[in-house]
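No experiment lies behind these values; they were computed from the predicted model shown. In what follows, chains carry the letters A, B, and so on, assigned in the order in which the sequence lines appear, proteins first and then strands, with residues in each chain numbered from 1.
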Amino acid sequence: MSSKKVRVRFAPSPTGGLHLGGVRTVLYNYLFAKQHKGDFILRTEDTDQGRYVPGAEKYIFDCLRWTGLEPDESAIHGGEYGPYRQSERKSMYKTYAAQLIKDGYAYYAFDTPEELEKMRADFKTESNPSPQYDHNIRGKMRNSLTLSAEEVQQLLDAGTRHVVRIKMPQHETVSFTDMIRGEVSFDTSVVDDKVLLKADGMPTYHLAVVVDDYLMKITHAFRGEEWLPSAPVHVLLWKYLFGLDNMPEWAHLPLILGTNGKLSKRDGAKYGFPVFAMNWLDPKTNELTEGFKEKGFLPEAFINMLALLGWNDGTAQELFTKQELVEKFSMDRVHSGGAKFDYEKAKWFNHEWIKRLPAAALAQQVKPFFEAKGINIADEKLLSAVIDLVKERCHLLTDLVEQGSFFFVMPEKFDVDAVKPKWNEAKQLFFAEVIRNFELGTTWNATELEHNFKEIAAANQIKPGEVLLPLRIMLVGGKFGPHVFDIAALLGKDETIRRIKYFLGLL
RNA sequence: GGCCCGUUGGUCAAGGGGUUAAGACGCAUCCCUUUCACGGAUGAAUCACGAGUUCGAUUCUCGUACGGGCUACCA
C-alpha cells in the first residue's frame, strides 16, 4: 500500500431507481473515504446509449443528498478529474484500445450481431449451453486474428462496424487480493474475449472502469460481488495498460438478497417494502416504485440499517450515527456472505431513530407527510409537542401522521360502536358534568384534568375504567394513542370540550 | 453445463481448537399500562453433511451437498 491519498468512486449507470445495494455501496465508499480523509467520487457510467433514462442521473444525486452521502467530485460537484460522465470521455478510451491492439492484447472483431447469434446457436451443446467468444472460437470468427492485415485494413477503411475485443491469454492464472475475500484466482482459459470498445465507439464497462479508475487516480475500488467473474479481465487490462502496481485495491461487496437471489424490485412489490432509496417514476413506463424516503424512513436510520447489513464493529452496538460509522467502519469486518434483507429489522432501526432524534428535527421531516394528508401545520411548536407525545409508538414517519393527526384536525370517524353497547344514562350525566367542570377549569394540565375526572366519576359511583375509553374515543376517534389526559391537555380546553359535545351528539 | 463466491437460530450476526455458542430483529408467555404502544422479564430456536488433523473441532484441511453470482457490442 502506498501513501497516496485515498480516492474511491461509486459508478452507477443512470438507468433507473437507486437500489438498496447501490446505496450500501455508496455508503461503504463514503465511510472509507471519510475515514481516510480521502475523496469520494461519483462517476456516471452512461456508456450504454440504449439504456439511458432521462432524469436518472439527477435522481441519483437526489438520493445521495437525501442520505447525506454527498460526493466530493462528480458531474455536478465538479473536480479536477472530469469529465465525470463516461459519455463525455468517449475519445479517451479509443486511445487505450488502440494501444492494446498495437501490443497484441486486443483485436478487431467484425462479426455482426447475427453472426454472433449464429455462433452461439451452432456451438451450443448440452455440456456447453452458453458458448463464449473465447480462444476456442475466435479462430472461427471474422476478426483481425483470422483475417489478413489487408482485409482488416480494407474493412476498417470502408467504415465497417466493428468492436475491439480483449485477447484473453490461455493457461494463465490471474489472481489478486480482495479486501474482503483474500486471494481470488482465475484461469484465463475459461474467460471469454470481452468486448472492450463497442461498435458505436463507446467503451464497455470493462475498458471504461480500468481507464477511468486510472485517470481518476482511484486507490480503492468497491463494487458488488456480481462483478467478481469479470475481475480477471480488469486485472489483465491493468497489467497491460497501467501496471499492476497502480491498480486499486479491490473489494467485492456481498450481495443483498431477497427471498430467492439478489434483492429485486419484484421482491419489494411482492412483500410490500421499498427497494429504492427514493420514489422512482420510470419516464418510459410511467411506473412508480416506492422509495424508503417516501415510505417514511429517516436517512439516519436508512444508512444505519444499511451499514449493518454486512458489517458490524464486533460489539453489540447496532445504533450508529454517520460520524460513528466513519470512525468505526472497516473493510475487514465486512462479511463475505450475502445478507438477506429483513424489512422488519429495517423498521426497527427507523423506530429507534425516531425515538432518539429530537422532535424539532423530526418535525421538519414529517411535515410533508402531514401535508400529503391535507393537514397543514401552522404551529410547529405544537407539532413538536405532538411528536414527543407519540413518537415512541411509531416505526415510520407515516405512523407519526396516523398517531398525531387528530391533534390538528377532528378525527375522520369515531368508533361509536366501541362505546354504544355499554352506554347509559349515568354516563351521559357524568360527561355532562365533566363538560361543566372542564368549562369552569382555570388550570388546564393533565394531572388536574385526571384528578377532576376521577373525582366526578367517584361522586357518580362510576368506575374510571368505564368512562376512560369513551373519553379517549371522543378525543381521538379510536382505541389508540398516548395517555388520554395528556391528549386533552395538548388539545386545549375548547377543542376537548367541543369533541366531547360532538361525540355525545353522535350517540 | 462451466467458472467464481459463499454457508453459525426464521432473519442480521459475535465468537475462530476446550464457551452454558454473545447480542439484536421477529415470535411466544408474563409484568407494567383502565386504549394502542413503549419499557422490563422469561422462553422456544443455530454451528449443512462426511472424512482428515488433534487428547479435543462450530473454529484448521479436503471433499460433498446446498445457496448465490456470472456466463451480452448491460452495467
Choosing from C36(B), C12(B), G39(B), which nucleotide comes nearest the side chain of Glu352(A)? G39(B)

Spell out yes or no: do the side chain of Lys345(A) and the base of A24(B) have one donor N/O and one acceptor N/O closer than 3.5 Å? yes

Proximity to the side chain of Arg181(A) - top-ranked nucleotide from G6(B), C73(B), G26(B): G6(B)

What I'd like to find out is whether the side chain of Met331(A) reaches to under 4.5 Å of the side chain of Trp311(A), using heavy atoms alone. no

Worked check of salt bridge (charged side-chain N to carboxylate O under 4.0 Å, His left out) between Asp46(A) and Arg85(A): CA-CA 7 Å; Asp46(A) 55 349; Arg85(A) 287 187 193 98; 5.1 Å; no

Please state whether the rings of Phe431(A) and Trp423(A) are parallel, tilted or perpendicular, taking 30° and 60° as the class boundaries. parallel

Compare the minimum distances between each of C74(B), A14(B), G69(B) and the side chain of His335(A), then state the nucleotide with the smallest one. A14(B)

On the nucleotide C70(B), are OP1 or OP2 found under 4.0 Å from the side-chain N or O atoms that Arg223(A) carries? no

At less than 4.0 Å, is any side-chain N or O atom of Lys262(A) found next to OP1 or OP2 of A75(B)? Yes or no. no

Using a heavy-atom cut-off of 4.0 Å across all strands, would you classify Pro482(A) as base, sugar-phosphate, or nothing? base

Indicate whether OP1 or OP2 belonging to C38(B) is found under 4.0 Å from a side-chain N or O atom of Lys391(A). no

Scan Gly337(A) against the nucleic acid and name what it touches under 4.0 Å (heavy atoms): base, sugar-phosphate only, or nothing. sugar-phosphate

Any side-chain N or O of Asn312(A) under 4.0 Å from OP1/OP2 of A14(B)? yes

Which one, U11(B), A13(B), G69(B), comes nearest to the side chain of Lys340(A)? U11(B)

For C4(B) and Ser185(A) - does any side-chain N or O of the residue sit under 4.0 Å from the phosphate oxygens OP1/OP2? no

Measuring to OP1 and OP2 of C73(B), would you say a side-chain N or O of Arg120(A) lies under 4.0 angstrom away? yes

With both distances kept under 3.5 Å, what pairs with C70(B), Watson-Crick or G-U wobble? G2(B)

Centre-to-centre under 6.0 Å for Trp238(A) and Phe176(A), is that the case here? no

Could you check, using the six-membered ring where one of them is a Trp, whether Phe406(A) and Phe414(A) have ring centers closer than 6.0 angstrom? no

Taking the P atom of each, how far is U64(B) from C4(B), in whole Å? 13 Å

